[in-house]
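Sequential numbering from 1 along the given sequence is applied to the chain's residues.
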Amino acid sequence: MGVALTGALCAVLPFVGSIMFSVPAAGDSGVASVPGWRIIAAGATFGPVLFCHSPFGEMESATGRNWRRVQLGVLALNATACSLLFFLTSLMVFGGPMALLVLRGIIGWMGTALLAARLLGWRAAWVGPLALLPIMIFWGTEGPQQYAWWEFTARPIDDPAAWVTAAGLLALGAGAHLVDRWRWRAAVTFLRRRTIRLSRRPPSAP
């Protein structure tokens, strides 16, 4: 199903990918011009993660690590196939340089989808890309053709910070799924207690 969704978006890409949409931004001009492919790419990446949801999730997770390995293997295969399909379509539609820009966007969006799926469940994988997209457009646009260093979908192709940001998001999302459930819960509990302690700490005297 993830490949089917990505395939449908690939079919739309030649018609919508180059259209520029004017949206509000926090930069000096107050408006950002966003190409359609940036929006489509965000939707293409959460498809393979979203369809890993199963109504028998609790029963399947109780079967042990073997099922978990199979699930992660299917996820990796599905995500790779969808990403490759979207990248090859972009290569045919836009050409090499632009396709590399699309590839970097796919890497970052896939990481956010994986992280959202780990935090909120498989069915909420769409929350990561679709929540981060307006944030990146609004606060990531600093002016005409000027973008914040962390805006990995719009920075120049040879910008190292954008590549590091996208790769870091993917590593974070993939790493979250490689951690055992009990270790994940322990980490979440630790961060939650740490946050509560910091919030209760009295302010330092001036």
Side-chain angles (χ1 to χ4, degrees), residues 6 9-10 13 16-49 75-76 79-80 82-91 93-120 124-179 187 191 194-195:
T6 303
L9 293 175
C10 287
L13 188 63
V16 185
S18 299
I19 298 178
M20 304 298 292
F21 297 91
S22 296
V23 295
D28 296 335
S29 62
V31 177
S33 296
V34 181
W37 71 262
R38 289 173 62 186
I39 303 173
I40 297 175
T45 50
F46 66 74
V49 185
L75 172 62
T80 301
C82 292
S83 300
L84 186 60
L85 176 61
F86 198 84
F87 171 70
L88 293 177
T89 303
S90 302
L91 189 63
V93 174
F94 304 122
M98 183 61 70
L100 289 176
L101 196 62
V102 175
L103 177 63
R104 190 176 66 195
I106 293 174
I107 292 173
W109 293 131
M110 186 65 70
T112 61
L114 290 171
L115 187 59
R118 186 56 166 156
L119 292 172
L120 306 174
W126 57 271
V127 173
L130 296 189
L132 185 59
L133 177 62
I135 295 175
M136 294 182 65
I137 293 175
F138 188 80
W139 281 287
T141 304
E142 298 177 343
Q145 301 300 319
Q146 295 180 354
Y147 305 96
W149 63 269
W150 44 265
E151 223 294 18
F152 59 86
T153 64
R155 297 285 296 179
I157 299 174
D158 57 350
D159 185 77
W163 282 102
V164 170
T165 302
L169 287 172
L170 180 60
L172 185 62
H177 284 272
L178 294 176
V179 177
L191 292 176
R194 183 67 176 173
T195 303

Specify the closest pair of heavy atoms between Leu9 and Gly43, including all atoms of both residues, with the distance to one decimal. CD1-C, 3.6 Å

So how far is it from Arg38 CZ to Leu133 CG, rounded to the nearest 0.5 Å? 7.0 Å

Atom NE2 of His177 and atom CG of Leu172: how far apart are they, to the nearest 0.5 Å? 10.0 Å

State, yes or no, whether a side-chain contact exists between Leu13 and Ser90 at a heavy-atom distance under 4.5 Å. yes

Which heavy-atom pair separates Ser22 from Ser33 by the least distance, and what is that distance? OG-OG, 4.5 Å

Partner of Trp109 by ring-ring contact (aromatic ring centres under 6.0 Å, His included), out of Phe46, Trp126, Phe152: Phe152

Measuring only between side-chain heavy atoms, which start at C-beta, is Asp158 closer than 4.5 Å to Trp163? no

Decide yes or no on side chain to side chain contact (heavy atoms under 4.5 Å, CB included) for Trp37 and Phe86, but give the supporting numbers first. CA-CA 10 Å; Trp37 71 262; Phe86 198 84; 5.6 Å; no

N/O donor to acceptor pairs below 3.5 angstrom from side-chain atoms of residues 93-103, sequence neighbours left out:
none

Heavy-atom pair of closest approach, residues Gly128 and Ala116: N-CB, 3.5 Å

What verdict does the side chain to side chain contact (heavy atoms under 4.5 Å, CB included) test give for Met136 and Tyr147, after you've listed the backbone C-alpha separation in whole Å, the side-chain angles of each residue and the deciding distance to 0.1 Å? CA-CA 9 Å; Met136 294 182 65; Tyr147 305 96; over 6 Å; no

Could you pull out the closest heavy-atom pair between Ile39 and Val34, with the gap in Å? CG1-CG1, 4.3 Å

Do the side chains of Leu114 and Leu170 get nearer than 4.5 Å, heavy atoms only? yes

Working note: Thr6 + Thr45, criterion side chain to side chain contact (heavy atoms under 4.5 Å, CB included); need CA distance, chi angles, decisive distance, verdict. CA-CA 8 Å; Thr6 303; Thr45 50; over 6 Å; no

With side chains defined as the heavy atoms from C-beta onward, is the minimum distance between Arg104 and Thr153 less than 4.5 Å? no

Answer yes or no: is there a side-chain heavy-atom contact under 4.5 Å between Val23 and Val31? no

Heavy-atom closest pair, residues Leu130 and Pro134: O-CD, 3.0 Å

List the atom of Ala32, the atom of Thr141, and the distance in Å for their closest heavy-atom pair. CB-OG1, 3.6 Å

Run the numbers on Cys10 and Leu85 for side chain to side chain contact (heavy atoms under 4.5 Å, CB included), then give the verdict. CA-CA 8 Å; Cys10 287; Leu85 176 61; 3.9 Å; yes

Among all residues two or more places apart in sequence or in another chain, which pass the salt bridge (Lys or Arg N to Asp or Glu O under 4.0 Å) test with Arg155? Asp159

